[in-house]
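Below is one structure, written out as structure tokens; comments come after it.
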Amino acid sequence: MSSDTKILPDAARQGRWQPAVTSDPLLRKHGSLGQSVSRIEGPMKVQGKTRFAAEFPYDNISYAALAFSTVARGRIIDLHVSGAEAAPGVILVMTYKNAPRMKAPSLMMSSPTAAGASDLPVMQNDEIHWNGQPIALVLAETQEQADYAASLIEAKYELMPAVLSFEEAKKSPRQLENLLGQPPLVEIGDAKAALANADVKVDLVYRTPRHNHNAIELHGATVVWNDDELRVHDASQLLDLTTGQLADIFGLDISKVHVTSPYVGGGFGGKCLWDHQILACAAAKLAGRPVRIVLSREGVFRIVGGRTVTEQRVALGARRDGTLDALIHTGTAAMTPHNSCPEQFTFPARHLYGARNFRIGQDVADLDMLVNTFMRAPGESVGTFALECALDELAEKLGLDPIELRRRIEPETDPTTGKPFSSRYLIEAYEKGAEQFGWSKRSQTPRQRREGEWLIGMGCATATYPYHRFPGGAARIRLTADGHVTVSTAVHDMGMGTATAQVQHLAARLGLPLDHVTFEYGDSRLPRGVIAGGSTQTASIGGAIIAATEVFVEELIKLAGNDSPLAGLSLADVETRDGGLAHISDSSRFESYRSILQRAGREEVVCEAEAPAPAEMEAFSMHSYGAQFCEVRVSEVTGEARVSRFLGSFDAGQILNHKMATSQFKGGIIMGIGLALTEETNFDERTGRVVNASLADYHVPVQMDVPAIEILYTNKPDPQAPMGARGIGEIGITGVGAAVANAVYNATGIRVRDLPITLDKLMTGFAD
């Protein structure tokens with residue numbers, strides 16, 4: 001940190017942003033914010049100048065490959081590695097017998113430096129906890145040699161009893177103490193009695209399968225030890241947590257661990273800390289050489305968790321006018337005793353719709369499997385499938401249009417907390433989307449539109465995802481004498497355009513052209529950042545930058561001195577514009593940043609601050625919303641379902657960059673099409689083995705599966721959020737599964753409540 005760095009004091013002073021009390025001052029300004037600026041790193045990427053985690057060159061580098069267990073529970077009683085050790089190019093074979101002693105990871109969110117997806121020790125003993133657990137790591141001179149040698153490793157196991165059947169496990173569920181910080185059960189009134197006495201009711205069960213992460217760039221890392229200092233080039237969406245966790249695992253001071261991850265290659269919840277980074281660090285220490293590890297596609301299925309299986313009950317009791325007397329959303333998600341990711345599918349039901357009585361809760365059933373993790377709007381993506389399909393089924397029973405039903409149960413305040421909404425334009429999003437999509441042409445009676453063998457239908461569903469701003473993020477602003485500003489924070493760009501959006505943000509906030517701003521990120525040596533997850537990063541960065549900007553402006557006012565037009569002004573009196581500071585109401589009182597530094601005899605000013613606590617989240621119910629509209633075509637001959645049109649109409653506050661946001665929303669919708677129609681991890685409940693561990697067998701949507709997708713925005717800033725912006729990273733996938741399922745029903749009259757909607761389920765329906 002520079003000696004000129006100023007740290008934000010705890011006490012708020014006049015002119016400062018106070019979350020839940022004052023709005024971000026940027027909301028009254030204009031500039032490049034919102035414009036469709038192309039990604040600033042785009043030219044570098046297409047020229048191959050961006051270096052990813054597995055592309056950093058080191059002299060004498062070695063290549064790693066893993067061997068995996070083939071049983072779900074047991075102990076290794078014999079491990080044959082001599083064949084691998086004798087193979088060409090092999091440097092060493094590491095097993096639990098010779099691996100360095102390491103502390104087990106700590107579960108993420110259990111401490112400020114915890115990043116573990118599980119709390120199991122990594123290659124420290126002979127015990128096996130899931131089918132696919134790494135049992136050996138091979139280092140060789142080339143990747144091909146390492147892969148071949150790993151295939152020669154043979155293991156014998158003493159089998160232990162394993163729980164692999166979800167049907168059996170859910171007979172003995174357990175309720176968590178909390179559900180990602182929220183109570184696991186919410187009860188208001190007597191929902192059971194209200195359901196029994198309701199005029200119209202539905203009481204239904206929906207099921208969703210396992211899903212696996214399959215980012216285009218495989219999980220990789222390049223690791224080197226310099227004496228007792230650990231250097232890691234990672235593909236990570238949690239830089240600071242990874243740094244702290246590796247320090248803890250290897251017994252190092254955190255200052256001895258340096259992690260960078262400027263380019264992630266797609267994360268979606270999967271690019272966190274897994275066994276491969278830890279094992280690469282251990283192998284590099286053991287061999288005394290740099291190590292590069294890249295998981296194979298199969299390896300990703302074996303050791304990187306994904307979404308878990310759920311079974312959900314949604315029961316709705318309504319009056320004849322459509323208002324709800326009872327809303328019940330309960331169920332079970334599979335998990336393990338070694339992780340803390342319960343797939344919180346009941347969260348949307350807590351905040352979306354008004355009802356007089358609620359019962360919302362879920363439990364978990366423990367299986368002996370790879371730990372599940374955060375994946376593409378965890379909870380909300382599959383929870384909205386169940387809730388929004390049930391609403392569609394209720395609308396049909398009531399004889400109401402599905403949008404009209406949602407209008408009648410639109411709440412004035414948060415239904416379960418009573419908090420005011422910070423900003424909510426869901427009905428407006430529905431109205432805009434319905435008009436643009438041509439919803440009025442939809443037949444309320446299923447199976448009414450046909451073109452030859454193709455049955456055509458429309459469906460809609462609500463999208464939602466909560467706003468979060470994590471505490472603890474900090475930012476540093478550096479102004480140089482040439483008028484250029486660099487803002488630095490240890491955050492991530494997983495392809496969503498973080499750097500570009502924050503350059504736009506800084507340019508607007510400081511009144512500078514875009515080419516006068518640089519955003520520095522992806523390095524654990526920078527001021528502490530926050531994770532890229534939970535649609536939190538943009539608001540979290542924004543909060544830190546607001547705080548740093550306040551310190552920056554105060555320092556410039558002080559440097560300007562008594563001979564400046566700014567003399568006597570305070571933070572509350574000035575605004576940034578045209579590359580300098582000016583009085584808010586007297587434009588003649590202005591001085592440029594360059595002039596201030598020049599008169600002060602300074603080459604630079606560096607200021608740093610930490611974001612204030614997210615008080616807005618305590619005072620308000622804060623969510624992004626959307627209305628998803630889908631048209632499908634289903635072949636009556638083959639059962640093939642095709643999405644022919646899709647429109648998403650979103651209320652996500654201020655859109656920071658229309659071009660990038662549109663791309664991100666479309667990406668989420670495409671993921672939702674996969675969730676609805678193609679994606680399923682096949683888990684063999686006899687062995688605990690994932691049997692479709694490749695992209696040949698695990699079907700993600702391809703170009704021919706993707707229709708024309710249209711995106712609309714309300715684009716109304718949220719007065720409680722930094723920049724007026726709520727998160728958009730995950731809302732795109734939410735509601736899509738239900739919109740597709742509801743459209744399939746409208747086309748065919750067949751209701752599928754068990755994802756994915758495959759042709760066999762539709763053909764069975766046609767036969768019935």
Side-chain angles (χ1 to χ4, degrees), residues 5-34 422-423 467-479 485-491 498-499 501-512 517-521 526-530 536-557 570-577 581 584 593 605-620 622 653-654 656 717-727:
T5 299
K6 306 297 178 183
I7 302 297
L8 177 69
D10 292 333
R13 296 199 296 272
Q14 186 180 15
R16 294 199 180 280
W17 173 55
Q18 300 177 65
V21 178
T22 59
S23 295
D24 181 353
L26 183 63
L27 297 186
R28 68 172 183 262
K29 297 181 64 175
H30 301 283
S32 61
L33 209 59
S422 60
S423 174
Y467 164 96
H468 291 293
R469 182 168 68 83
F470 284 156
R476 180 185 306 139
I477 297 176
R478 178 174 178 258
L479 168 69
V485 165
T486 300
V487 62
S488 306
T489 179
V491 295
T498 301
Q502 293 303 330
V503 164
Q504 291 180 260
H505 170 204
L506 259 294
R509 190 172 293 281
L510 297 180
L512 290 167
V517 179
T518 299
F519 185 67
E520 187 180 25
Y521 64 100
L526 299 177
R528 183 173 177 84
V530 296
T536 63
Q537 188 173 241
T538 297
S540 299
I541 295 170
I545 286 176
I546 293 172
T549 301
E550 292 169 345
V551 177
F552 173 75
V553 170
E554 288 185 327
E555 179 67 6
L556 289 178
I557 292 172
S570 68
L571 176 64
D573 301 322
V574 301
E575 66 177 358
T576 57
R577 64 169 176 83
L581 300 180
I584 289 176
Y593 301 142
V605 170
V606 182
C607 299
E608 183 174 325
E610 183 176 308
E616 70 272 27
M617 292 169 53
E618 295 300 318
F620 295 91
M622 301 184 70
Q654 170 74 55
L656 303 184
D718 188 322
Q720 302 302 325
M723 305 161 287
R726 298 193 297 267

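V487 is not listed as a side-chain neighbour of Y521, based on a closest heavy-atom distance of 4.5 Å or more. At a threshold of 4.5 Å between non-hydrogen side-chain atoms, the residues E575 and V553 do not count as touching. A heavy-atom distance below 4.5 Å is found between the side chains of P719 and S423. Within the 4.5 Å cutoff, no side-chain heavy atoms of L526 are placed close to those of T489. The shortest distance between side-chain heavy atoms of D718 and E616 does not fall below 4.5 Å. No side-chain heavy atom of V605 sits less than 4.5 Å from a side-chain heavy atom of Y593. Using a 4.5 Å heavy-atom threshold, the side chains of V551 and E608 count as separate. No side-chain heavy atom of L510 sits under 4.5 Å from any side-chain heavy atom of V517.
In this structure, the side chain of E550 engages the main chain of W17 through a donor-acceptor pair within 3.5 Å. Of the possible polar contacts, one joining the R469 side chain to the A613 backbone as a donor-acceptor pair under 3.5 Å is found. Side-chain atoms of S422 do not come within 3.5 Å of backbone N or O of M622 as any donor-acceptor pair. Checking side-chain atoms of T576 against main-chain N and O of R509 turns up a donor-acceptor pair under 3.5 Å.
I477 contributes atom CD1, which lies 7.0 Å from atom CD1 of I545 (distance to the nearest 0.5 angstrom). To the nearest 0.5 Å, atoms CZ (R528) and CD (E610) are separated by 9.0 Å. Taken to the nearest 0.5 Å, the CD1 atom of I557 stands 11.0 Å off from the CZ atom of F552. One distance of note links OG1 of T549 with CZ of R16; it measures 11.0 Å at 0.5 Å rounding. Within the model, atoms CG of L556 and CG of L571 stand 11.0 Å from one another, a figure rounded to the nearest 0.5 Å.
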Show, in sequence, the C-alpha distance, side-chain angles and deciding distance for L656 and Q504, and conclude whether the side chain to side chain contact (heavy atoms under 4.5 Å, CB included) test is met.
CA-CA 8 Å; L656 303 184; Q504 291 180 260; 5.9 Å; no
Steps toward side chain to side chain contact (heavy atoms under 4.5 Å, CB included) verdict (H505, T538):
CA-CA 10 Å; H505 170 204; T538 297; over 6 Å; no
Apply side chain to side chain contact (heavy atoms under 4.5 Å, CB included) to residues Q502 and Q537 and explain how you reach the verdict.
CA-CA 11 Å; Q502 293 303 330; Q537 188 173 241; over 6 Å; no
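Taking every heavy atom of both residues into account, V530 and V491 meet most closely at N-CG1, 3.9 Å. A475 and A548 get closest at one heavy-atom pair: O-CB, 3.6 Å. Looking at every heavy atom in both residues, Q654 comes nearest to G34 through NE2-CA, 4.3 Å. Residues P527 and A474 share a closest heavy-atom pair of CB-O, 3.9 Å. The two residues G473 and A544 come nearest to each other via the heavy atoms O-CB, 3.7 Å. The minimum heavy-atom distance linking A615 with P19 is given by the pair CB-O, 3.6 Å.
Taking the salt bridge (charged side-chain N to carboxylate O under 4.0 Å, His left out) definition, one finds that R478 meets it with E604, sequence neighbours left out. Evaluation of the side-chain hydrogen bond (donor to acceptor under 3.5 Å, both in side chains) rule for S570 yields D573 as partners, not counting sequence neighbours.
Side-chain N/O atoms of Q720 and Y467 include no donor and acceptor closer than 3.5 Å.
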